Amino acid sequence: MNSIDHDQQADHFISQVSEDSPILSVRNLSVHFPIKRGFIVQREVARVRAVDGISFDIYPGETLGLVGESGSGKTTVAKSVMQLTKADVGSVKFEGQELVGLSTPAMRPIRRKIGMVFQDPYGSLNPRMRAGDIIGEPLKVHNLVESRENYRSQIASLLSTVGLSSAMAERYPNEFSGGQRQRLGIARAIAAGPSMLILDEAVSALDVSIQAQVLNLLQDLQEQYSLAYLFIAHDLSVVRHISHRVAVMYLGRIVETASSSDMYENPLHPYTQALLSAIPTPNPVHERSRERIILRDDLPSPLDPPSGCRFHTRCPVATDLCSQTDPDLRVLASNQQAACLLAPGYSGAKGV
Ligand code: SF4
C-alpha cells in the first residue's frame, strides 16, 4: 500500500463507517506539557508529549471506545476536547465548529452540548449539595429553568430517566451507593440536553454487576436521545459491549482503530493483542488454554518516548527495524487501521 497522509487515511476510514457528518472531528491533535526549571528565570528543560498527533471522528449516536493504560494520554484527549487543556497543534471540531482557541465564554454553549461523567462519582459530586441541586445546577447555569415548579419537575424527570426515584432529590451524595452516585453523575451530564457525552473511566470504579447496569443505562440513553459517546477506559473488556468502534492509545498515539467486532476478533497491533489476552473468558475450557501475552517493563515516560515504534521496548515481536522506524497509522483492512511495521499488509513505513 502506498503511504498516504494521516488526513487521507482518516477520511478513507470515515467514508467506510458512515455517510453522516461527524459530530466530533479531531485532527492531528498534540498536547505537550513543558517542564520548567530555574529559581529566578524558569526555562523549559523538557516536554511531556501527553498526546502526539492523534485523529479520530465520532458520529451522532455512535460510541467510540478510547482504550489504553494509565498514562497513555486518554484523559488529556478528553480535556483538550473540552478545552480544559490547550492543544499545541491540531483541530477539534464539534458540530462543524472549531473549538481550539475558543475563549471560556465562547465555550459555554458548547459545554451545554457535551456532558462529562468522571470515574469517581463521589469526588465529582459536591457532598454539601442535595442530589436535586447537583442535577439542577446545569439547568441554572444554562438558563433552562422557567419556574421553581418547572425546576422540580425537570429534576424528577432526570432522576426517573436514570432509574432513581424523585424522593432521592432531597438526599446528599453520601446517602447513595456507588452505582447510584454514578447515575446521579449521568443525570447531571444529560441535564442540559447534550448531544455528546465524554465518559472518562465512568464505570471503572464500580463492581462488575453494577458496571453492567450502568452500561445498560448508557445504551438506553443513547438510543433514546441519539447521544454520541467518547467512552474512555483502561480495560478493553469494559468497552467491548458499548462501543461501535474502538481506538487503542499507547504513549500519546493511537496505534489501532477498528470496529468493535474487528478489534476483538482480529486485532492487528501487538499492543492490542496483549490487552485482549489479559481479558479472562467466562468459558473455563477456553480460560485454561488462554495464552496471556505478558508485556515486559512499565509504560515508558512520555517525557522521552522510545525511538522508532514507541512500543518496541515492550513488544514481544519487535525486530531491529522497530527501534529505528516510526510506523504511522495505516488502513490495513475495511474499518481497521494499525501502526505496526509487522502487521499484515503494512509496507513502506515512514522514517522518523
Ligand atoms: Fe512491535 Fe515493531 Fe509492530 Fe512496533 S512496529 S508494534 S515494535 S512489531
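Note that the structure is a prediction, hence the values are computed from the model and not measured. Atoms within each ligand, like the ligands themselves, are counted from 1 in listed order.
Atoms of the protein (N, O or S only) found under 2.8 Å from atom 4 (Fe) of ligand 1 are C309 SG.
Using the six-membered ring where Trp is involved, F311 and H269 have ring planes that are tilted, between 30° and 60° apart.
Salt bridge present: R253 and D326 bring a charged side-chain N and a carboxylate O closer than 4.0 Å. Here E69 pairs with R314 in a salt bridge; the nearest charged N to carboxylate O distance falls below 4.0 Å. Salt bridge status for D52 with R310: present, with a side-chain N to carboxylate O gap under 4.0 Å.
When all heavy atoms of M263 and V246 are compared, the pair lying nearest together is CE-O, 3.2 Å.
Under the 3.5 Å distance criterion, with hydrogens and angles disregarded, a donor-acceptor pair is assigned to the side chains of D328 and Y346.
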